[in-house]
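Below: the structure, in structure tokens.
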Amino acid sequence: MKPIVPIVGISKIINAYDGVICGFDGVLTKGSGVLDEALEALQKIADSKKEIVILSNSALRVRQIADILQCSGLNLGLLKAIITAGEILHYKLKHTNRFGLKYYDIGQSQTQSIFDNTDYKSVPDLSQ
């Protein structure tokens, strides 16, 4: 079996690709903020005329991720798209009613936007 050789720096491989799909949590961010070196890497990718898509399994909506990136100094014009699990869930909840219209929230307050502009109502007790 051929050993996996780690890649140090995107510049070593970027020319072989048309674009990059980049994770958010743990890739662009660590803890509470966006990493400076991640922002630099995104800028270098964009300078190479490659498309960049941010893909996140976060419950945050696209606008929330965009705000975090923009507040960190990233020009959102560098990105082709931002896709989040939270945005996909919001879309599904808004356009289907398979689950009833009540929910009991065990999440964080920042994920409440999943239910914005839907018919779903939060209930204060799990038994409801």
Side-chain angles (χ1 to χ4, degrees):
M1 185 190 306
K2 192 174 181 179
I4 297 173
V5 178
I7 299 165
V8 180
I10 193 91
S11 62
K12 298 195 188 287
I13 62 164
I14 192 63
N15 290 333
Y17 300 95
D18 295 326
V20 173
I21 299 173
C22 184
F24 184 72
D25 293 321
V27 178
L28 295 180
T29 65
K30 284 265 169 73
S32 62
V34 177
L35 299 167
D36 289 338
E37 54 268 30
L39 295 174
E40 289 174 31
L42 290 177
Q43 185 62 57
K44 287 179 182 177
I45 294 166
D47 291 346
S48 298
K49 307 293 186 233
K50 308 296 180 172
E51 293 186 343
I52 303 168
V53 173
I54 305 298
L55 179 63
S56 176
N57 64 353
S58 170
L60 297 176
R61 305 265 314 271
V62 166
R63 173 69 358 226
Q64 292 168 291
I65 298 287
D67 288 346
I68 292 167
L69 291 170
Q70 193 168 33
C71 287
S72 297
L74 181 70
N75 172 2
L76 295 179
L78 301 180
L79 305 178
K80 179 77 172 175
I82 300 172
I83 304 165
T84 71
E87 196 69 39
I88 293 167
L89 178 57
H90 170 76
Y91 178 86
K92 293 298 281 180
L93 291 173
K94 188 169 177 141
H95 296 288
T96 63
N97 186 6
R98 294 178 41 195
F99 309 107
L101 292 175
K102 296 179 186 178
Y103 70 93
Y104 177 72
D105 184 28
I106 59 171
Q108 301 170 339
S109 62
Q110 64 190 18
T111 62
Q112 284 301 302
S113 65
I114 290 171
F115 298 100
D116 287 353
N117 301 312
T118 70
D119 294 328
Y120 291 85
K121 303 293 180 223
S122 177
V123 295
D125 187 81
L126 184 58
S127 66
Q128 297 174 319

Distance-only, no hydrogens or angles: does the [X] side chain make a donor-acceptor pair with backbone N or O of [Y] under 3.5 Å?
{"X": "T29", "Y": "F24", "answer": "yes"}
{"X": "Q128", "Y": "V123", "answer": "no"}
{"X": "T84", "Y": "L60", "answer": "yes"}

*Between R63, Q64, R61, which is the residue that forms a side chain to side chain donor-acceptor pair (under 3.5 Å) with S113?*
Q64
*What residue pairs, at least two apart or across chains, pass ring pair (Phe, Tyr, Trp, His ring centres under 6.0 Å) with a residue in residues 104-128?*
Y103-F115
Measure across [X] and [Y] and return the closest heavy-atom pair with its distance rounded to 0.1 Å.
{"X": "G23", "Y": "L28", "answer": "O-CG, 3.4 Å"}
{"X": "S48", "Y": "I14", "answer": "OG-CG2, 4.2 Å"}
{"X": "V27", "Y": "A38", "answer": "O-CB, 4.1 Å"}

Taking a hydrophobic cluster as the set of Ile, Leu, Val, Met, Phe, Trp and Tyr residues connected by side-chain heavy atoms closer than 4.5 Å, whether directly or through intermediates, do [X] and [Y] fall within one such cluster?
{"X": "V62", "Y": "I52", "answer": "yes"}
{"X": "L78", "Y": "V53", "answer": "no"}
{"X": "I114", "Y": "L55", "answer": "no"}
{"X": "L74", "Y": "I83", "answer": "no"}

*Residues in side-chain contact (heavy atoms from CB on, under 4.5 Å) contact with K44, at least two apart in sequence or another chain*: none
So with a 6.0 Å cut-off around [atom1] of [X], is the heavy-atom count from everything else above 12?
{"X": "L101", "atom1": "CG", "result": "yes"}
{"X": "D18", "atom1": "CG", "result": "no"}
{"X": "I21", "atom1": "CD1", "result": "no"}

Within this structure, what is the [atom1]-[atom2] distance for the pair [X] and [Y], rounded to the nearest 0.5 Å?
{"X": "T118", "Y": "H95", "atom1": "OG1", "atom2": "NE2", "value": "10.5 Å"}
{"X": "L42", "Y": "I54", "atom1": "CG", "atom2": "CD1", "value": "5.5 Å"}
{"X": "S56", "Y": "D25", "atom1": "OG", "atom2": "CG", "value": "5.0 Å"}
{"X": "H90", "Y": "N117", "atom1": "NE2", "atom2": "CG", "value": "6.0 Å"}
{"X": "N75", "Y": "Q43", "atom1": "CG", "atom2": "CD", "value": "7.5 Å"}

*Can you list the residues that meet the ring-ring contact (aromatic ring centres under 6.0 Å, His included) rule with Y17, with sequence neighbours excluded?*
none
*Check the pair L79 / L69 against side chain to side chain contact (heavy atoms under 4.5 Å, CB included), numbers first and verdict last.*
CA-CA 11 Å; L79 305 178; L69 291 170; 4.1 Å; yes
*Taking C-beta and beyond as the side chain, do E51 and V20 meet within less than 4.5 Å on heavy atoms?*
no
